[in-house]
J.: 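Mind looking over this structure? Questions follow.
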2 protein chains.
Amino acid sequence: MDFKKTESILRALGEQNRLKIITYLSMKTLCVCELVEILDISQPQVSQHLRKLREVELVTEEKRGRWVYYSLNNIHALYPVVLHIVSTLPLVQLNEIRAICD
Amino acid sequence: MDFKKTESILRALGEQNRLKIITYLSMKTLCVCELVEILDISQPQVSQHLRKLREVELVTEEKRGRWVYYSLNNIHALYPVVLHIVSTLPLVQLNEIRAICD
DNA sequence: TATATATATAATAGTTCGTTTATATATTAA
DNA sequence: TTAATATATAAACGAACTATTATATATATA
């Protein structure tokens with residue numbers, strides 16, 4: 001992984017909401033509206049943060065009906081580094097997600 | 001390490017010149033003028049990048065005479081993560097540093 | 001078909017960032 | 001003591017970033 005690419009990936013990781021998205025996705029594939037509820041930020045904000053993570057291919061997306069599900073890209077060259085970073089972060093709980101989606 | 005602090009550390013790491021500084025410091029303690037020569041960027045640029053790394057305590061400094069020597073902070077909570085990142089970067093060589101310092 | 005939901009994107013404004021240039025301070029050497 | 005070297009910092013400017021607001025598209029439901 002060259003310096004330029006690593007720079008852009010670390011930039012994508014260097015934001016609290018995106019770190020939280022990565023942390024939750026490391027536990028479970030989630031759709032946008034679930035992330036909106038979990039992170040308690042606006043839908044456009046979640047979409048824009050996901051875009052940054054998509055641009056550097058840290059996450060993958062899969063459309064199912066109305067929903068778009070996001071997962072950590074576990075074949076990314078820096079996937080082990082990402083998990084290492086997540087392991088240093090506070091434990092978060094993935095409580096029952098209130099069915100606000102729908 | 002909380003999300004806010006991790007954000008600021010990843011931001012400090014998310015820049016090519018700073019990634020190179022970290023990479024070289026992982027091999028050897030170096031003074032500012034040596035980094036200026038190795039990275040081939042201006043002295044104020046090196047000093048400002050070092051400041052960002054100092055602010056998040058990724059590096060430590062030690063003044064000896066006219067020179068200020070910088071080292072990786074190996075007791076930083078994220079030191080293992082930093083080494084993990086460095087291990088994914090291209091190998092760099094620390095050739096004889098022409099004695100431009102002095 | 002009309003409406004509601006899920007999502008993405010664009011425009012805007014305020015903020016942070018990186019580079020350049022100029023300068024100040026400390027230390028050493030002449 | 002004067003000059004040179006090593007370093008830090010500040011100001012200025014353009015670029016990149018983030019949040020907000022508005023809107024467009026796709027899909028499902030009534």
Side-chain angles (χ1 to χ4, degrees), chain A residues 3-22 24-25 29-56 58-71 97-102, chain B residues 3-22 24-25 29-56 58-71 97-102:
Chain A
F3 285 91
K4 202 175 183 62
K5 201 133 201 206
T6 304
E7 165 183 302
S8 63
I9 290 154
L10 292 173
R11 263 185 209 237
L13 290 171
E15 202 279 333
Q16 285 191 66
N17 288 309
R18 292 196 291 270
L19 276 177
K20 286 178 187 164
I21 289 173
I22 290 289
Y24 284 105
L25 292 185
T29 290
L30 293 165
C31 71
V32 178
C33 60
E34 288 171 327
L35 286 167
V36 168
E37 188 198 345
I38 293 168
L39 302 177
D40 197 27
I41 58 179
S42 71
Q43 176 271 314
Q45 240 180 310
V46 171
S47 281
Q48 310 230 36
H49 285 309
L50 284 169
R51 170 146 67 146
K52 295 242 171 192
L53 295 172
R54 245 190 294 124
E55 279 169 357
V56 296
L58 283 176
V59 300
T60 59
E61 54 171 341
E62 190 199 343
K63 181 159 187 170
R64 296 187 214 147
R66 272 190 278 188
W67 294 275
V68 180
Y69 282 84
Y70 282 87
S71 308
I97 295 159
R98 254 177 310 139
I100 61 154
C101 305
D102 233 339
Chain B
F3 285 90
K4 202 175 183 64
K5 202 131 201 207
T6 304
E7 165 184 303
S8 64
I9 290 155
L10 292 174
R11 264 183 206 240
L13 290 171
E15 202 279 333
Q16 285 191 67
N17 288 309
R18 292 197 291 269
L19 277 177
K20 286 178 186 164
I21 290 173
I22 289 289
Y24 284 105
L25 293 186
T29 291
L30 293 164
C31 70
V32 178
C33 60
E34 289 172 327
L35 286 167
V36 168
E37 190 198 344
I38 293 167
L39 302 177
D40 197 27
I41 59 178
S42 71
Q43 176 271 313
Q45 242 180 307
V46 171
S47 281
Q48 310 230 37
H49 286 309
L50 285 170
R51 170 146 65 146
K52 295 244 172 189
L53 294 172
R54 247 190 292 122
E55 279 169 358
V56 296
L58 283 175
V59 300
T60 59
E61 53 171 343
E62 189 198 346
K63 182 160 187 168
R64 296 187 215 149
R66 271 189 278 188
W67 295 275
V68 180
Y69 282 85
Y70 282 86
S71 308
I97 296 161
R98 255 177 309 141
I100 61 153
C101 304
D102 231 340

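All chains are named by letter (A, B, ...) in the order of the sequence lines, taking the proteins before the strands, and each is independently numbered beginning at 1. Predicted model only: the values in this text are computed from it and were never measured.
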J.: Might you work through the side chain to side chain contact (heavy atoms under 4.5 Å, CB included) test for A/Leu19 and B/Leu10, ending with a clear yes or no?
T.: CA-CA 10 Å; A/Leu19 276 177; B/Leu10 292 174; 3.7 Å; yes
J.: Please state how far atom OH in A/Tyr69 lies from atom P in C/dT7, giving the value in whole angstrom units.
T.: 8 Å
J.: Using side chain to side chain contact (heavy atoms under 4.5 Å, CB included), reason through B/Val59 and B/Ile22 one step at a time and then give a plain yes or no.
T.: CA-CA 8 Å; B/Val59 300; B/Ile22 289 289; 4.2 Å; yes
J.: Whole Å only: how far is the CG atom of A/Leu39 from the P atom of D/dT18?
T.: 15 Å
J.: Starting from the 5' end of DNA chain D, give me the residue, A/Glu15 or B/Arg51, whose nearest nucleotide shows up first.
T.: B/Arg51
J.: Where does DNA chain D pair, written as one dot-bracket string 5' to 3', with Watson-Crick or G-U pairs under 3.5 Å, ( ) inside the strand, [ ] for crossing pairs and | for another strand?
T.: ||||||||||||||||||||||||||||||
J.: Separation of B/Asp40 atom CG from C/dT19 atom P, in whole Å?
T.: 13 Å
J.: Which atom pairs link the protein and nucleotides 20-22 of chain C when you take only N or O atoms and keep those under 3.5 Å?
T.:
| from | atom 1 | to | atom 2 | distance (Å) |
| --- | --- | --- | --- | --- |
| C/dT20 | OP2 | B/Gln45 | OE1 | 3.1 |
| C/dT20 | O4 | B/Gln48 | NE2 | 3.0 |

J.: Could you check how far CD of B/Glu34 sits from P of D/dT7, rounded to whole Å?
T.: 8 Å
J.: Could you go through B/Leu25 and B/Leu58, starting from their C-alpha distance and side-chain angles, then the distance that decides it, and tell me whether this counts as side chain to side chain contact (heavy atoms under 4.5 Å, CB included)?
T.: CA-CA 11 Å; B/Leu25 293 186; B/Leu58 283 175; over 6 Å; no
J.: Ignoring backbone atoms, test whether B/His49 places a side-chain nitrogen or oxygen under 4.0 Å from the OP1 or OP2 oxygen of C/dT19.
T.: yes
J.: Can you name the nearest heavy-atom pair linking A/Cys31 to A/Trp67, along with the distance?
T.: SG-CD1, 3.8 Å
J.: NA contact type, B/Arg64, heavy-atom cut-off 4.0 Å: base, sugar-phosphate, or nothing?
T.: nothing
J.: Specify the residue among B/Arg66 and A/Arg66 whose closest nucleotide of DNA chain D lies further upstream toward the 5′ end.
T.: B/Arg66
J.: Does any pair with a residue in residues 9-19 of chain A pass salt bridge (Lys or Arg N to Asp or Glu O under 4.0 Å), and if so which ones, sequence neighbours excluded?
T.: A/Glu7-A/Arg11
J.: Decide yes or no on side chain to side chain contact (heavy atoms under 4.5 Å, CB included) for A/Gln48 and A/Lys52, but give the supporting numbers first.
T.: CA-CA 7 Å; A/Gln48 310 230 36; A/Lys52 295 242 171 192; over 6 Å; no
J.: According to side chain to side chain contact (heavy atoms under 4.5 Å, CB included), who are the partners of A/Glu61, at least two apart in sequence or on a separate chain?
T.: A/Arg54, A/Val68, A/Tyr70
J.: Looking only at the side chain of A/Val32 (C-beta and beyond, no hydrogens), which of the listed nucleotides D/dA8, C/dA8, D/dT5 gets closest?
T.: C/dA8
J.: Provide the closest heavy-atom pair for B/Leu53 versus B/Ala12 in the form atom of the first, atom of the second, distance.
T.: CD2-O, 3.9 Å
J.: Identify, with sequence neighbours excluded, every residue that meets side chain to side chain contact (heavy atoms under 4.5 Å, CB included) alongside A/Arg66.
T.: A/Asp102
J.: Give the rounded distance in Å between these two atoms: CZ of B/Arg54 and C1' of D/dT9.
T.: 10 Å
J.: Applying salt bridge (Lys or Arg N to Asp or Glu O under 4.0 Å), name anything that partners B/Glu55, two or more places apart in sequence or on another chain.
T.: none
J.: Looking at B/Arg18, I'd like to know whether one of its side-chain N or O atoms comes within less than 4.0 Å of OP1 or OP2 on C/dG18.
T.: yes
J.: Report the distance from atom CG of B/Leu50 to atom C1' of D/dA8, rounded to the nearest whole Å.
T.: 11 Å
J.: Would you mind reading off the distance between B/Gln16 atom CD and C/dT19 atom C1', rounded to a whole angstrom?
T.: 14 Å
J.: Could you say whether A/Glu61 or A/Arg11 is positioned toward the 5' end of DNA chain C, judged by the nucleotide with the nearest heavy atom to each?
T.: A/Glu61
J.: Of all the nucleotides listed (D/dC17, C/dA8, D/dT7), which has the minimum atom distance to the side chain of A/Lys52?
T.: D/dC17
J.: How close or far is atom P of C/dT7 from atom CD1 of A/Ile41, stated in whole angstroms?
T.: 14 Å
